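For reference, the structure is listed below as structure tokens.
Here the structure is a predicted model, which means the values were calculated and not measured.
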Amino acid sequence: MKILFYAPMKSPEHPVPSGDRRVARLLLAALTEAGYEPELASSLRSFDKMGDADFQADIAIKSSLEAEEIVARIEALPKADRPVAWFSYHLYHKAPDLIGPVVTKRLGIPYLVAEASHAPKQKEGRWSRGYEAAEKAIIHADKVFHMTQLDGECLRAIVKKPDALVYLAPFLNSQEQAPDPDRAEMLVTRAGGRSKKHTLLSVGMMRDGDKMQSFSQLSEALDSLPGDDWQLLIVGDGDARSKVEALFDRHKGCVVFLGQLDLKDLFSLYHYADLYVWPAHGEAYGMAFLEAGSAGLPIVAGNIRGVPDVVLNGDTGLLCPAGDMKAFSASIRLLLDDKELRQKMGERAIDFVQKDRSLAAAAMLLADNIQQVIK
């Protein structure tokens with residue numbers, strides 16, 4: 001059975017890597033695992049970063065034309081070949097779904113959404129048009145899969161259909177990347193890192209905004225981290241790399257920049273490191289936390305938004321009050337000094353990801369809920 005898939009924020013085929021693209025591809029994999037044939041309905045991007053009224057008007061016209069083309073294409077197919085549902089990922093006031101609701105009404109098929117966001121404070125202002133469209137789409141949906149408990153609470157006020165609101169926790173593909181310890185050691189030492197040091201690891205795109213704020217907070221945390229038995233590896237790249245590197249000038253000799261790495265090298269580093277550390281300022285939840293946990297890496301993070309959905313405080317890692325870098329530093333030191341606790345958290349993290357945050361678990365939940373609304 002075919003399902004039309006659409007990501008108005010960023011297509012799974014977009015050339016630039018990001019968390020959005022990653023999760024979109026994971027959802028496609030989960031739908032396939034659930035027994036469906038997902039098909040990309042459109043690559044039209046409705047994302048409006050600046051709140052531009054002219055852009056919003058233009059994208060509304062383009063979306064209307066796109067919807068008509070999709071409906072005509074589907075109606076030309078034999079009934080047996082037509083999709084049984086539409087699935088949209090990540091719609092909110094800056095990236096509303098202006099296509100899915102139109103197509104599903106015309107074709108009479110269920111409308112499903114995942115990681116929708118409802119922020120009443122955006123009802124007025126530059127994104128009011130997108131807010132209204134996103135709200136209408138969410139209300140229209142037959143199933144609303146929220147990926148954090150916080151989003152679920154925000155959506156509960158407008159999702160009126162019984163059993164429509166469903167918690168689909170962030171998940172990871174269960175196909176583990178085989179680590180290469182020798183490769184990890186080579187990457188670290190070649191970049192100026194040191195052996196026989198406690199190793200902290202951070203992964204993040206280097207860009208202005210929330211990512212930059214996390215890097216800034218991380219540098220602040222290092223100011224309070226005692227001892228000389230540690231080093232921090234930073235994986236990532238981007239337009240703001242020079243700014244990020246400048247933040248850590250005062251920690252030269254303790255911080256190693258590794259640049260952008262492929263997934264195999266990254267997983268080797270997850271297995272090589274002792275702790276994964278990331279303040280997570282403004283993060284929806286953070287896929288890297290699940291990746292680190294799957295490799296048995298304990299985590300120190302900020303207790304922000306959806307981070308508790310991927311890091312269990314006191315179980316798979318330690319969550320600190322948002323912006324409290326002294327507490328963040330103390331949590332790092334605590335785990336560096338307690339090898340037994342690190343090992344216990346690492347083992348629990350592996351179990352948590354494999355059992356509760358796996359592709360198979362997500363596929364089963366999707367299959368059960370989609371079947372409920374397919375006519």
Q | Check against side-chain hydrogen bond (donor to acceptor under 3.5 Å, both in side chains), R250 and S219 | A | CA-CA 9 Å; R250 61 187 182 274; S219 178; 3.0 Å; yes
Q: Start with the C-alpha distance between V235 and L201, add both sets of side-chain angles, then the distance that settles side chain to side chain contact (heavy atoms under 4.5 Å, CB included), and finish with yes or no.
A: CA-CA 8 Å; V235 175; L201 176 64; 4.0 Å; yes
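- Atom CE of M1 sits in a crowded spot, with more than 12 heavy atoms from other residues, nucleotides or ligands closer than 6.0 Å.
- I99 has its side chain within reach of L44: a pair of non-hydrogen atoms, C-beta onward, lies under 4.5 Å apart.
- A pairwise comparison of heavy atoms in S358 and Q354 identifies CB-O, 3.3 Å as the closest pair.
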(Q) Could you walk me through whether E185 and S195 satisfy the side-chain hydrogen bond (donor to acceptor under 3.5 Å, both in side chains) test, starting with their C-alpha distance in whole Å, then the side-chain angles of each, then the deciding distance to 0.1 Å, before giving a yes or no? (A) CA-CA 8 Å; E185 178 79 16; S195 301; 2.4 Å; yes
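- Checked against a 6.0 Å centroid threshold, the rings of H118 and Y131 count as neighbours.
- In this pair, H90 and Y92 present their aromatic rings parallel. The plane angle is below 30°, not in the 30 to 60° band.
- Side-chain atoms of L222 and C254, non-hydrogen and from C-beta on, never get closer than 4.5 Å to each other.
- Considering all non-hydrogen atoms of both residues, I304 and A280 come closest at CD1-O, 3.5 Å.
- Between the side chain of S216 and the main chain of M212, no donor-acceptor pair closer than 3.5 Å is present.
- A heavy-atom distance below 4.5 Å is found between the side chains of P83 and I74.
- A donor atom on one side chain and an acceptor atom on the other are found under 3.5 Å apart for Y285 and E115.
- A side-chain contact (heavy atoms from CB on, under 4.5 Å) with L168 holds for exactly one of T148, L366, V144; it is L366.
- With contacts defined as side-chain heavy-atom distances shorter than 4.5 Å, the pair L200/L225 qualifies.
- Salt bridge annotation for E69-R73: absent, with no cationic side-chain nitrogen under 4.0 angstrom from a carboxylate oxygen.
- Within the 3.5 Å criterion, the main-chain N or O of A60 finds no donor-acceptor partner in the side chain of S64.
- Between the side chain of S202 and the main chain of V277, a donor-acceptor pair closer than 3.5 Å is present.
- Under a 3.5 Å cut-off, the side chain of R82 and the backbone N or O of E75 do form a donor-acceptor pair.
- Of the possible donor and acceptor atoms, none in the side chain of R22 sits under 3.5 Å from a partner among the backbone N and O of M287.
- Across D142, I370, V84, a single residue satisfies side-chain contact (heavy atoms from CB on, under 4.5 Å) together with P110, and that is D142.
- Contact record, I70 with A41: CD1-O, 3.7 Å, taken as the closest heavy-atom pair.
- Residues E132 and K136 are paired through a salt bridge, judged by an N-O separation under 4.0 Å between the basic side chain and the carboxylate.
- Taking 4.0 Å as the cut-off between side-chain N and carboxylate O, D229 and R333 count as a salt-bridged pair.
- Between F215 and F248, the two ring planes are perpendicular [angle over 60°; tilted spans 30° to 60°].
- Environment of CG in D228: sparse, with no more than 12 heavy atoms of neighbouring residues, nucleotides or ligands closer than 6.0 Å.
- In D356, the CG atom is crowded: over 12 heavy atoms of neighbouring residues, nucleotides or ligands sit closer than 6.0 Å.
- The aromatic ring centroids of W278 and F328 lie 6.0 Å or more from each other.
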(Q) For a side chain to side chain contact (heavy atoms under 4.5 Å, CB included) check, start with the C-alpha distance between E283 and K211, then their side-chain angles and the critical distance, and finish with the verdict. (A) CA-CA 8 Å; E283 295 274 1; K211 297 294 186 185; 2.9 Å; yes
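- Within the 3.5 Å criterion, the main-chain N or O of M50 finds a donor-acceptor partner in the side chain of R126.
- Y272 and F257 end up in the same hydrophobic cluster when Ile, Leu, Val, Met, Phe, Trp and Tyr side chains are linked at under 4.5 Å.
- For the pair Q217/H281, a side-chain contact is recorded, criterion being any heavy-atom separation below 4.5 Å from C-beta on.
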Q: Check the pair T104 / H140 against side-chain hydrogen bond (donor to acceptor under 3.5 Å, both in side chains), numbers first and verdict last.
A: CA-CA 10 Å; T104 54; H140 170 64; 3.1 Å; yes
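- Between the side chain of D97 and the main chain of A137, no donor-acceptor pair closer than 3.5 Å is present.
- Between D239 and M206 the shortest side-chain heavy-atom distance does not fall below 4.5 Å.
- A donor-acceptor pair is defined here as one N or O able to donate and one able to accept, closer than 3.5 Å; no such pair exists between the side chain of S329 and the backbone of M325.
- Using a 4.0 Å cut-off between a side-chain N of Lys or Arg and a carboxylate O of Asp or Glu, K123 and E135 do not qualify as a salt bridge.
- Nearest approach of S11 to L40, heavy atoms of both residues: OG-CD2, 3.8 Å.
- Closest heavy-atom contact between L112 and A85: CD1-CB, 4.0 Å.
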Q | Stepwise side chain to side chain contact (heavy atoms under 4.5 Å, CB included) check, I139 with K160 | A | CA-CA 7 Å; I139 293 172; K160 304 299 183 182; 5.7 Å; no
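- The backbone N or O of G253 lies less than 3.5 Å from a partner atom in the side chain of R194, making a donor-acceptor pair.
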Q: Determine, stepwise, if the pair Q122 / K94 fulfils side-chain hydrogen bond (donor to acceptor under 3.5 Å, both in side chains).
A: CA-CA 10 Å; Q122 302 295 341; K94 290 185 180 180; over 6 Å; no
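- At a threshold of 4.5 Å between non-hydrogen side-chain atoms, the residues W127 and Q56 count as touching.
- Between F289 and Y276, the gap from one ring centroid to the other is short of 6.0 Å.
- Applying the 6.0 Å contact sphere to NZ of K344 captures no more than 12 heavy atoms from other residues, nucleotides or ligands.
- Under a 4.0 Å N-O distance rule, the pair K264/D180 does not qualify as a salt bridge.
- Remark: side-chain polar atoms of R342 are paired, donor with acceptor, to backbone N or O of L335 under 3.5 angstrom.
- Contact check on K243 versus D208 returns a salt bridge, with a Lys/Arg side-chain nitrogen under 4.0 Å from an Asp/Glu carboxylate oxygen.
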Q.
Test salt bridge (charged side-chain N to carboxylate O under 4.0 Å, His left out) on E66 and K62; report intermediate values, then the result.
A. CA-CA 6 Å; E66 187 88 338; K62 289 180 178 177; over 6 Å; no
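- Scanning all heavy atoms of the two residues, the minimum distance from I234 to V255 falls at CD1-CG1, 3.8 Å.
- Checked by atom type, the side-chain pair H251/D223 shows a donor-acceptor distance below 3.5 Å.
- Using a 4.5 Å cut-off on side-chain heavy atoms (C-beta onward), V102 and V71 make no contact.
- Taking the six-membered ring where the residue is Trp, Y6 and W86 present perpendicular rings, their angle passing 60° and hence far from 30°.
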